[in-house]
Amino acid sequence: MSDLHIYNSYTRQKEKFEPIVKDHVGMYVCGPTVSGESHMGHARPYITFDVVYRYLTHLGYKVRYVRNITDAGHFEEEGREAQDKVSEKAQLERLEPMELVQKYSNLFHWGMRLFNNIDPNIEPTATGHVIEQISMIQKIMDEGFAYEQNGSVYFDVKKYAEAYPYGKLSGRKIDELLETTRDLDGQDEKRNKVDFALWKKAPPQHIMRWASPWGEGFPGWHIECSAMSSKYLGKEFDLHGGGMDLQFPHHESEIAQSTIAHGCAPARYWMHNNMITINGKKMGKSYNNVIKITELFSGDHPMLEQAYHPMVVRFNILQTHYRSTLDFSNESLQASEKAFRRLWDAYEVLQKLEPGTNDNAGDKELNEKVTKWCNECADFMNDDMNTAKVIANLFEMAPVINGIKGGQVSKEALSADTYKLMLSTFDTYLVEVLGMKPLQVQQDNKIDQVLSLLIEIRNDARTRKDYATSDLIRNKLTEAGVMLKDEKDGSVSYTIE
RNA sequence: GGUCACGUGGCCGAGAGGUUAGGCAGAGGUCUGCAAAACCUUGUACAGCGGUUCGAAUCCGCUCGUGACCUCCA
């Protein structure tokens, strides 16, 4: 089996993954800002890194997965009239800031659960770590890389860049950044336009505010991740994940802050997922083209032709490599829905197949192919989490599984070991690693009994060649969302929508 | 304007110097009382123009197109 390789955004190449501490992985993912509802674009990183977490765990690593909740507004720096997203929205909705934060945190967690994302081990909030942030800012000041100006504190990027490779992660050159002519509020306080805020003085109307050595204010955007990741994962940890759009300035700033405060860059491997686009444009609030997660699940949005099950969305996302853009479309989602149904059905068929006891495969060639498809799954995941290829291989096996059931493929074609391998591959990759769940919930017993009775009556009619009755039963059930299928062996199965 | 990506068959999307991605849709067939499902067969694509090479969709250059970041952003 191959070794795990990950594309490291920092070095721009695939690298063999080797944790700092043997068998342990520290992983930090930038979490949501809970000033509003999450949209489809937000779903991607959390699903992507959920799979990363699942796969690392599958490989036997003890993973500590930290994902923050940004519940304090520090979007003040660019200084539009919105001083602080959280408090502004709070005034609008006449809610306490923390009430608002609670509301959207709950909604976020609701969505994550439906996507079948495993909860992080630690989910720290920015407001709960103001002290840590203040002390980290202080440390940076003590080191001489930050300065205070009118109650705000800024990081001295120019000075930093003289000694450290500022811009390496995001591929930026400091000289070009210094030349950027952007007229933004607060710029006059900074020594250079590239400097970023570590601490912002709170204007009088600002609701969220904390006391600090520099007066009342609130932390800058980038410092929370640095303070919280180092607190729970140490000064240097293994993996840092997030959306590509966070590379600059957020992650670049994190690196600078940590380098000064802790003497090293925070993470060894940086992973960035690409964006979800809609009509070719990035889905994002600035473009006003978002489809919220609640809308996606309910179908209540002008762009949506139907509601989409969370597992369909998850499957759709995993059918694309995480570093490629993924264009939203109804056709794509609908194709994924059908595809996932077929794959999951095959998995259920596989679980019910009688493995047999033959040591030797009746069809050596097919047996070899199946073995190869199974074994390749590990290689594909090891190659920078290529979930798309894993899914493709699982699909390769669907006709084999269905063929065995339908009689087109001999039951003896595969050896008993290969049956087991196939089943364990689906268990491991489809369920455990990709985190897929069935679309329908298990129906309860009473419905089972009622349907059994109807099926019995229908079968009776069919033996009498009373097709009017049998078709009536089937058609009425179809209308009610219950689909009957006459199987080859004479049995009748059904699925409930 | 600067930096960086990307451009694959009807659609979505992997991959990558010579050998089938996969899914959805379409066509034909098998099975079936009819359906549905399933199974089988079927598509030879890689923006354009040059170059490197025995050979390129895959490498290099140019052109065109699209997008991302440079500001909050997943």
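Just so we're on the same page: letters track the sequence lines, and every chain starts at 1. Fair warning: this is a prediction, and the values are worked out from it, not measured in the lab.
- Under a 4.0 Å N-O distance rule, the pair A/Asp466/A/Arg462 does not qualify as a salt bridge.
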Between N or O atoms, less than 3.5 Å apart, protein on one side and nucleotides 67-69 of chain B on the other: list the pairs.
unit_1 : atom_1 : unit_2   : atom_2 : d
B/G67  : OP1    : A/Lys281 : NZ     : 3.3
B/A68  : OP1    : A/Lys282 : N      : 3.3
B/A68  : OP1    : A/Tyr287 : OH     : 3.2
B/C69  : OP1    : A/Lys282 : NZ     : 2.3
B/C69  : OP2    : A/Tyr287 : OH     : 3.2
B/C69  : O2'    : A/Arg172 : NH1    : 3.3
B/C69  : O2'    : A/Arg172 : NH2    : 2.9

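- A distance of about 47 Å separates the P atoms of B/C6 and B/U30, rounded to the whole Å.
- Taking for each of A/Gly41 and A/Arg12 the nucleotide of RNA chain B with the nearest heavy atom, the 5'-most of the two is the partner of A/Arg12.
- Every side chain to side chain contact (heavy atoms under 4.5 Å, CB included) that A/Arg54 has, sequence neighbours left out, goes to A/Asp50, A/Asn116, A/Ile118, A/Arg314.
- Separation of the C1' atoms belonging to B/C54 and B/U20 is 25 Å when rounded to the nearest angstrom.
- You'll find the ring centres of A/Phe155 and A/Tyr160 inside the 6.0 Å limit.
- Annotation: cation-pi pair A/Arg172/A/Tyr166 absent, no NZ/CZ under 6.0 Å from the ring centroid and within 45° of its normal.
- Taking 4.0 Å as the cut-off between side-chain N and carboxylate O, A/Asp379 and A/Lys389 do not count as a salt-bridged pair.
- A/Asp471 comes within contact range of at least one nucleobase, with a heavy-atom separation under 4.0 Å.
- Sorted by first and then second residue, the pairs that involve residues 239-249 of chain A and meet salt bridge (Lys or Arg N to Asp or Glu O under 4.0 Å), not counting sequence neighbours, are A/Asp245-A/Lys282.
- For A/Tyr419, there are no ring pair (Phe, Tyr, Trp, His ring centres under 6.0 Å) partners two or more places apart in sequence or in a different chain.
- A perpendicular orientation is assigned to the rings of A/Phe115 and A/Phe297, their planes being inclined by more than 60° (bins at 30° and 60°).
- If you take CD1 of A/Ile455 and C1' of B/A35, they are 15 Å apart, rounded to a whole angstrom.
- Looking at A/Tyr104 and A/Asp71, their side chains never bring a donor and an acceptor atom within 3.5 Å of each other.
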Just the atom pairs and distances: protein N or O near nucleotides 29-31 of chain B's N or O, under 3.5 Å.
none

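- Taking atom C1' in both B/U32 and B/U66, one finds a spacing of 49 Å when rounded to whole Å.
- As judged by a 4.0 angstrom heavy-atom cut-off over every strand, A/His250 is placed among residues making no nucleic acid contact.
- Annotation: B/G13 and B/G17 have their P atoms spaced 22 Å apart (nearest Å).
- The side chain to side chain donor-acceptor pair (under 3.5 Å) check on A/Gln334 picks up A/Glu305, A/Gln306, A/Tyr308, with sequence neighbours excluded.
- As judged by a 4.0 angstrom heavy-atom cut-off over every strand, A/Leu333 is placed among residues making no nucleic acid contact.
- No hydrogens or angles were tested; on distance alone, a donor-acceptor pair under 3.5 Å links the side chain of A/Ser286 to the base of B/C72.
- In this model, no side-chain donor or acceptor of A/Arg323 finds a partner on the base of B/C6 within 3.5 Å.
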Considering only nitrogen or oxygen atoms on both sides, find all protein atoms under 3.5 Å from nucleotides 21-27 of chain B and state each distance.
unit_1 : atom_1 : unit_2   : atom_2 : d
B/G23  : OP1    : A/Arg342 : NH2    : 3.1
B/C24  : OP1    : A/Arg342 : NE     : 3.2
B/A25  : OP1    : A/Lys338 : NZ     : 2.9

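- Spacing of P atoms, B/G33 relative to B/G43, comes out at 32 Å, to the nearest Å.
- Exactly one of A/Pro120, A/Ser226, A/Pro266, A/Cys225 qualifies for a side chain to side chain contact (heavy atoms under 4.5 Å, CB included) with A/Tyr28. That residue is A/Cys225.
- Residue A/Ala346 is out of contact with every strand shown, counting any heavy-atom pair closer than 4.0 Å.
- Heavy atoms of A/Leu484 sit under 4.0 angstrom from at least one base atom.
- Within the 4.0 Å cut-off from OP1 or OP2 of B/A14, at least one side-chain nitrogen or oxygen of A/Ser324 is found.
- Side-chain proximity of A/Leu177 to B/A36, B/C70, B/A74: nearest is B/C70.
- Using the six-membered ring where Trp is involved, A/Tyr347 and A/Phe426 have ring planes that are parallel, under 30° apart on the 30 and 60° scheme.
- Toward the 5' end of RNA chain B, the nearer of the two residues A/Ser170 and A/Ala43, judged by each one's closest nucleotide, is A/Ser170.
- B/G18 and B/G28 have their P atoms separated by 36 Å, with the value rounded to a whole Å.
- Set against B/A74, B/G13, B/G15, the side chain of A/Lys285 has B/A74 as its closest nucleotide.
- Evaluation of the side chain to side chain contact (heavy atoms under 4.5 Å, CB included) rule for A/His309 yields A/Met311, A/Val312, A/Leu439 as partners, not counting sequence neighbours.
- The ring pair (Phe, Tyr, Trp, His ring centres under 6.0 Å) search around A/Tyr322 returns none, not counting sequence neighbours.
- Nucleic acid contact class of A/Asn402 (heavy atoms, under 4.0 Å, all strands): sugar-phosphate only.
- The aromatic rings of A/Tyr65 and A/Tyr53 sit tilted relative to each other, their planes meeting at an angle between 30° and 60°.
- Look at CZ on A/Phe108: it is 10 Å from P on B/A74, rounded to the nearest Å.
- Nucleotides B/C40 and B/A45 place their P atoms 24 Å apart, quoted to the nearest Å.
- Classified by interplanar angle (parallel below 30°, tilted 30° to 60°, perpendicular above 60°), the ring pair A/His250/A/His222 is tilted.
- Of the residues in residues 459-470 of chain A, those with a non-hydrogen atom less than 4.0 angstrom from any atom of RNA chain B are A/Arg462, A/Tyr467, A/Ser470.
- A sub-4.0 Å separation between OP1 or OP2 of B/A5 and a side-chain N or O of A/Asn274 is absent.
- The gap from the C1' atom of B/A27 to that of B/A68 amounts to 40 Å, rounded to the nearest Å.
- Rounded to an integer number of Å, the gap from A/Leu477 CG to B/A36 C1' is 14 Å.
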Under the 3.5 Å Watson-Crick or G-U criterion, the dot-bracket string of RNA chain B, with | for inter-strand pairs | (((((((..(((.....[...))).(((((.......)))))....(((((..]....))))))))))))....

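- Below the 3.5 angstrom threshold, one finds a donor paired with an acceptor across the side chain of A/Asp486 and the base of B/C34.
- Taking a 6.0 Å sphere around CD of A/Glu354, one finds it holds 12 or fewer heavy atoms contributed by other residues, nucleotides or ligands.
- Note that CD of A/Glu224 is 10.0 Å distant from OG of A/Ser229, once rounded to the nearest 0.5 Å.
- Among residues two or more places apart in sequence or in another chain, the side chain to side chain contact (heavy atoms under 4.5 Å, CB included) test is passed with A/Ala361 by A/Asn367, A/Ser415.
- In this structure, the CD1 atom of A/Ile69 is 13 Å from the C1' atom of B/A74, given to the nearest Å.
- For B/A74, the base has no donor-acceptor partner in the side chain of A/Arg44 [N/O atoms by modelled type, under 3.5 angstrom].
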